[in-house]
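Reviewing the structure listed below.
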Amino acid sequence: MDVYALFISPTGNTATAARSLARGLADVVGDGDFYSIDITPFEARKGVYDFGEGDVVVIGVPTYAGRVPNKLLPYLQESVQSCGAKALAVVTYGNRAYDDALKELCLTLDEGGFDMVGAVACVGEHAFTDKLAGGRPNEDDIGALYEIGKAVGKTLKKDSNKVLDMSILPGREPESMEYYVPKKTDGERAVFLKDMPLTDETKCNGCGECRAICPMGCFRNSVTNPEGTCIKCQACVKVCPNGAKYFDSADLKEHIAALERDFANNSLEIQCFLIE
Ligand SMILES: Cc1cc2nc3c(=O)[nH]c(=O)nc-3n(C[C@H](O)[C@H](O)[C@H](O)COP(=O)(O)O)c2cc1C
Ligand code: SF4
Ligand code: SF4
C-alpha cells in the first residue's frame with residue numbers, strides 16, 4: 001500500500017500527529033516510507049488530490065471553534081477525493097475540546113469517497129498560548145500515535161475490507177453541529193473575527209516566511225499590511241524569525257485569559273476510534 005499524510009497545520013501540531021500515524025501505518029502496510037503533503041499554505045491548495053485503491057491516507061486538521069476550520073473545509077470537500085482509498089482521520093485540539101471536529105472531518109472524507117479506517121483526536125499546544133498543552137504532541141504522544149498507526153495497519157493486513165463504524169464517533173449530527181463561541185473572562189462573547197495580525201516594522205526584514213505559510217494568502221501583496229480573511233491560525237506569528245508579528249486586540253487577549261483560567265489544568269489523552 002502507498003501511505004500518505006495529508007494535513008492542514010498552521011502551527012505544526014497536526015503535521016506531527018499525522019506523520020506519526022503515517023509512520024506506524026507505513027511500517028506495517030507499506031515499505032516504511034510515506035508521502036507527506038502539507039496543504040497549509042494558500043498556494044498549496046490549488047490542485048486536486050485524487051487517491052485510489054491501494055492508498056491509505058492519514059488526513060489531519062486542527063480544531064477551530066470545535067469544528068473543522070470553516071474557511072478550509074470547502075477545499076477538503078471539493079478537492080480531496082477518493083475512489084477506493086482508505087482514510088485515517090486525525091484532529092488536534094488545544095486542551096479545551098474537539099467537540100464536533102472529528103465527526104465532521106470523518107463525514108466529509110466519507111462523502112469524498114474514502115473508506116474510513118479510523119479516527120484520532122490528539123491534544124496539541126494551543127495556537128494561542130503555551131499554557132494550554134504546552135509542548136504537545138510530546139514524545140509520549142508521538143509514540144502512542146505511531147502505535148495507533150501500526151494497529152490500524154495490522155488490522156488492514158488481516159482484512160483490508162474493514163471500515164469504521166461511524167456511529168461510534170463523538171459529536172453532534174451534522175444538522176445540529178454548532179461553532180463554539182469564544183468568551184472573555186466575564187463570560188461575554190469575545191469579538192475578534194475581523195482582527196488582523198500587526199507587524200513591528202522595526203523587526204521585519206521582509207524575509208517572506210509569513211507570506212509563504214499563511215493559509216489564507218493574506219500577505220500576497222504585502223508582508224506588513226495583510227488583506228482578506230484572517231483565520232487567526234497564528235502561523236505568521238510563530239513562523240516569523242524576528243518576532244515581528246503579533247495580535248493586539250483586547251477581546252482576543254481576554255479570550256486567551258479565559259481559556260488559560262478554565263482549561264490549563266486539563267490533562268487529556270489521545271482518543272481513537274478504529275477498525276477492529
Ligand atoms: C482560531 C482557533 C480556534 C481554536 N479552537 C479550538 C477549540 O475549539 N478547542 C480546542 O481545544 N482548541 C482550539 N484551538 C487550538 C488548536 O486546535 C490547536 O492549537 C491545534 O493543535 C493547532 O493545530 P496546528 O498546530 O496543526 O495548527 C484553536 C486554535 C485556533 C487558532
Ligand atoms: S516572517 Fe517576519 S520578518 Fe519575515 S516578512 Fe514576515 S513579518 Fe517580516
Ligand atoms: S494572517 Fe491570519 S490566517 Fe494568515 S497566517 Fe497570520 S493568523 Fe494565519
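Just follow the structure's listing: the first ligand is 1, and inside any ligand the first atom is 1. When reading the values below, keep in mind they use all heavy atoms of this one structure, side chains included, and skip hydrogens, waters and symmetry mates.
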Notebook entry, point to check: Hey, would you say the Y4 and F34 ring centroids sit under 6.0 Å apart?
Noted result: no

Next item on the list: Looking only at protein heavy atoms, identify the closest one to atom 5 (S) of ligand 2 and say how far it is in Å.
Entry: G208 N, 3.2 Å

Notebook entry, point to check: More than 12 heavy atoms of other residues, nucleotides or ligands under 6.0 Å from CD of Q271: is that the case?
Noted result: yes

Check: What is the closest protein heavy atom to atom 5 (N) of ligand 1, and at what distance does it sit?
Finding: A65 N, 3.0 Å

Next item on the list: Give the residue and atom name of whichever protein heavy atom lies nearest to atom 6 (Fe) of ligand 2, and the separation in Å to one decimal.
Entry: C210 SG, 2.4 Å

Check: G206 heavy atoms, cut-off 4.0 Å: which ligand 2 atoms fall inside?
Finding: 5 (S), 8 (Fe)

Checklist line | Side-chain ion pair, E173 and K103, N-O less than 4.0 Å | finding: yes

Item checked: H255 and F128 aromatic ring geometry - parallel, tilted or perpendicular at 30°/60° bounds -> perpendicular

Check: Nearest protein heavy atom to atom 10 (C) of ligand 1, by residue and atom, and its distance?
Finding: G94 N, 3.3 Å

Notebook entry, point to check: Relative to ligand 2, is K245 under 4.0 angstrom through side chain, backbone, both or neither, heavy atoms considered?
Noted result: side chain

Notebook entry, point to check: How far is atom 27 (O) of ligand 1 from its nearest protein heavy atom, and which residue and atom is that?
Noted result: T11 N, 2.8 Å

Item checked: Residue pair Y75 / Y49, side-chain heavy-atom distance below 4.5 Å -> yes

Notebook entry, point to check: What residue and heavy atom of the protein are closest to atom 8 (Fe) of ligand 2, and at what distance?
Noted result: C204 SG, 2.3 Å

Next item on the list: Would you mind finding which of P69, P62, C230 brings a heavy atom closest to atom 22 (C) of ligand 1?
Entry: P62

Check: Would you say P10 and I8 make side-chain contact, with heavy atoms under 4.5 Å?
Finding: yes

Checklist line | Polar contact flag, side-chain donor to acceptor under 3.5 angstrom, D200-T202 | finding: yes

Margin query: Under the criterion side-chain hydrogen bond (donor to acceptor under 3.5 Å, both in side chains), I'd like the reasoning laid out for T185 against E254: C-alpha separation, chi angles, the key distance, then a yes or no.
Written below: CA-CA 6 Å; T185 45; E254 273 284 320; 2.4 Å; yes

Next item on the list: Between F42 and ligand 3, find which residue part has any heavy-atom pair under 4.0 Å and reply side chain, backbone, both or neither.
Entry: neither

Check: Judged by modelled atom types alone, do R19 and S36 share a side-chain donor-acceptor pair under 3.5 Å?
Finding: yes

Check: Would you say ligand 1 has an N or O under 3.5 Å from any N or O of C233?
Finding: no

Next item on the list: Would you mind checking if E125 and K238 are paired as a salt bridge, meaning a charged N to carboxylate O distance below 4.0 Å?
Entry: yes

Note to self: Tell me whether the count of non-hydrogen atoms from other residues, nucleotides or ligands lying under 6.0 Å of NZ in K131 goes above 12.
What the structure shows: no

Item checked: Side chain, backbone, both or neither: the part of N242 lying under 4.0 Å from ligand 2 by heavy atom -> side chain

Notebook entry, point to check: What do you reckon, does N13 have a nitrogen or oxygen under 3.5 Å from a nitrogen or oxygen of ligand 1?
Noted result: yes

Notebook entry, point to check: So which heavy atom in the protein is nearest atom 4 (Fe) of ligand 2, and how far is it from that ligand atom?
Noted result: C207 SG, 2.3 Å

Next item on the list: Please verify whether a non-hydrogen atom of Y98 lies at under 4.0 Å from ligand 1.
Entry: no

Check: Going through the checks in order, is the side-chain hydrogen bond (donor to acceptor under 3.5 Å, both in side chains) test met by E260 and T129?
Finding: CA-CA 8 Å; E260 289 173 349; T129 166; 2.6 Å; yes

Margin query: Is there a side-chain contact (heavy atoms from CB on, under 4.5 Å) between R67 and M177? Walk through the geometry before answering.
Written below: CA-CA 8 Å; R67 304 277 297 271; M177 285 182 186; 3.6 Å; yes

Check: Any side-chain heavy atom of K253 within less than 4.5 Å of one from D248?
Finding: yes

Item checked: Minimum-distance protein heavy atom relative to atom 9 (N) of ligand 1 -> A97 O, 2.9 Å

Note to self: For T16, state whether at least one heavy atom is located under 4.0 Å from any atom of ligand 1.
What the structure shows: no

Next item on the list: With heavy atoms only and a cut-off of under 4.0 Å, state how F128 meets ligand 1: side chain, backbone, both or neither.
Entry: side chain

Next item on the list: Report, in ascending order of atom number, the atoms of ligand 2 lying under 4.0 Å from any heavy atom of P241.
Entry: 1 (S)

Item checked: Nearest neighbour in protein (non-hydrogen) for atom 2 (C) of ligand 1 -> Y64 CD1, 3.5 Å

Item checked: Contact (N/O only, under 3.5 Å) between A127 and ligand 1 -> yes

Check: Which of the numbered atoms in ligand 3 are below 4.0 angstrom from a heavy atom of Q234?
Finding: 7 (S), 8 (Fe)

Check: Which residue owns the protein heavy atom closest to atom 20 (C) of ligand 1, what's the atom, and how far is it?
Finding: T92 OG1, 3.3 Å

Note to self: Please report whether ligand 1 has a polar contact with P10, defined as an N or O pair separated by less than 3.5 Å (distance criterion only).
What the structure shows: yes

Item checked: Those atoms of ligand 3 less than 4.0 Å from some heavy atom in I231 -> 2 (Fe), 3 (S)

Check: Going by the atom numbers of ligand 3, which of them fall below 4.0 Å from some non-hydrogen atom of C230?
Finding: 1 (S), 2 (Fe), 3 (S), 7 (S)

Check: If you count the atoms of ligand 2 from 1 in the order shown, which ones are under 4.0 Å from a heavy atom of C240?
Finding: 1 (S), 2 (Fe), 3 (S), 7 (S)

Check: If you measure from atom 29 (C) of ligand 1 to every heavy atom of H126, K232, R67, which option wins on shortest distance?
Finding: H126

Next item on the list: Flag the pair M166 / L107 as yes when at least one side-chain heavy-atom distance between them is below 4.5 Å, and no otherwise.
Entry: yes

Next item on the list: Could you give me the CA-CA distance, side-chain angles and deciding distance for K183 and D186, then say whether salt bridge (charged side-chain N to carboxylate O under 4.0 Å, His left out) is met?
Entry: CA-CA 8 Å; K183 298 271 173 22; D186 62 6; over 6 Å; no

Notebook entry, point to check: Below 4.5 Å, heavy atoms only, C-beta onward: do C214 and P41 meet side chain to side chain?
Noted result: no

Item checked: Distance filter under 4.0 Å to P197 heavy atoms, resulting ligand 3 atoms -> 1 (S)

Next item on the list: Check the side chains of T14 and T92 for a donor-acceptor pair under 3.5 angstrom, ignoring hydrogens and angles.
Entry: yes

Notebook entry, point to check: How does C236 reach ligand 2, if at all, at less than 4.0 Å between non-hydrogen atoms: by side chain, backbone, both, or neither?
Noted result: neither

Check: Atom CG of L105 and atom CG of D100: how far apart are they, to the nearest 0.5 Å?
Finding: 12.5 Å

Notebook entry, point to check: Is it true that P226 lies under 4.0 Å from ligand 3, counting heavy atoms only?
Noted result: no

Item checked: Polar proximity ligand 1 side, I8 side, N/O cut 3.5 Å exclusive -> no

Notebook entry, point to check: Taking it one step at a time, do V29 and K157 satisfy side-chain contact (heavy atoms from CB on, under 4.5 Å)?
Noted result: CA-CA 7 Å; V29 298; K157 261 196 149 170; 4.1 Å; yes

Next item on the list: Find all atoms of ligand 3 within a distance of less than 4.0 Å from any non-hydrogen atom belonging to F219, and give their numbers and elements.
Entry: 1 (S)

Next item on the list: Please report which non-hydrogen protein atom sits nearest to atom 1 (C) of ligand 1, along with the residue it belongs to and the distance in Å to one decimal place.
Entry: I231 O, 3.6 Å

Notebook entry, point to check: Quick one: does E125 get within less than 4.0 Å of ligand 1, heavy atoms only?
Noted result: yes

Notebook entry, point to check: Heavy-atom contact under 4.0 Å between G243 and ligand 2?
Noted result: no

Note to self: Counting non-hydrogen protein atoms only, what is the nearest one to atom 4 (C) of ligand 1? Give residue, atom name and distance.
What the structure shows: T63 O, 3.4 Å

